[in-house]
Amino acid sequence: QVQLVESGGGSVQAGGSLRLSCVVSGYITGRKWVAWFRQAPGKEREGVAAIATLVSSTLYADFVKGRFTISQDNAKNTVYLQMNSLKPEDTAMYYCAADRSDLSVSALAMRSYNYWGQGTQVTVSS
């Protein structure tokens with residue numbers, strides 16, 4: 001059974017940094033993508049960053065380019081999201097997703113992924 005467990009969320013002031021971790025366990029068939037999404041209260045869940053774990057190819061949403069970095073440690077089955085220069089608008093629940101099943105759909109689209117974690121809260125104060 002596939003499980004995704006996020007950690008690393010917390011409360012920081014604007015301009016600060018956090019690193020989120022997503023530990024992926026279990027067997028994932030097919031296309032091995034892992035992505036980070038976020039959802040703020042009253043808003044739809046949106047894609048933040050994605051990584052193709054076999055080739056380390058990455059994709060970012062425009063609103064995090066230059067501030068966030070997605071990376072992986074294959075030995076630990078872990079994908080990270082390093083978040084720098086955080087803004088109050090980055091406040092959200094952050095979710096990890098894995099196993100992208102339809103390559104015709106954007107790697108930052110929710111419907112691409114079959115497995116989801118429970119999320120970790122990030123709060124940025126001004």
Once you round to the nearest 0.5 Å, how far does CH2 of W33 lie from CG of N114?
-> 14.5 Å
Got a sec, which pairs hit disulfide (SG to SG under 2.5 Å) with one end in residues 56-94, sequence neighbours left out?
-> none
dist S106:OG -> R100:CZ (nearest 0.5 Å) comes out at 6.5 Å
Could you state whether V64 and V12 fall into the same hydrophobic cluster, counting links through intermediate Ile, Leu, Val, Met, Phe, Trp or Tyr residues with side-chain heavy atoms under 4.5 angstrom apart?
-> yes
How would you list, by chain and number, every residue that makes a side chain to side chain contact (heavy atoms under 4.5 Å, CB included) with N77, sequence neighbours excluded?
-> none
Do V105 and W116 belong together in a cluster built from hydrophobic side chains that touch within less than 4.5 Å?
-> no
For the student: nearest non-hydrogen atoms of M83 and V122, plus distance | CE-CG2, 3.8 Å
4.5 Å side-chain heavy-atom contact, S112 and D102 | no
Do D73 and T78 get their side chains close enough for a donor-acceptor pair, meaning under 3.5 Å?
-> no
Do other residues, nucleotides or ligands put more than 12 heavy atoms under 6.0 Å from the CD atom of Q118?
-> no
With sequence neighbours left out, which residue pairs that include part of residues 47-93 fulfil the ring pair (Phe, Tyr, Trp, His ring centres under 6.0 Å) condition?
-> none
Residues that T123 engages under side chain to side chain contact (heavy atoms under 4.5 Å, CB included), provided they are two or more places apart = S11, T91, Q121
Listed once per pair and sorted, the salt bridge (charged side-chain N to carboxylate O under 4.0 Å, His left out) pairs that draw on residues 50-62, sequence neighbours left out = D62-K65
Ring pair (Phe, Tyr, Trp, His ring centres under 6.0 Å) contacts touching residues 88-115 (sequence neighbours left out) = F37-Y113
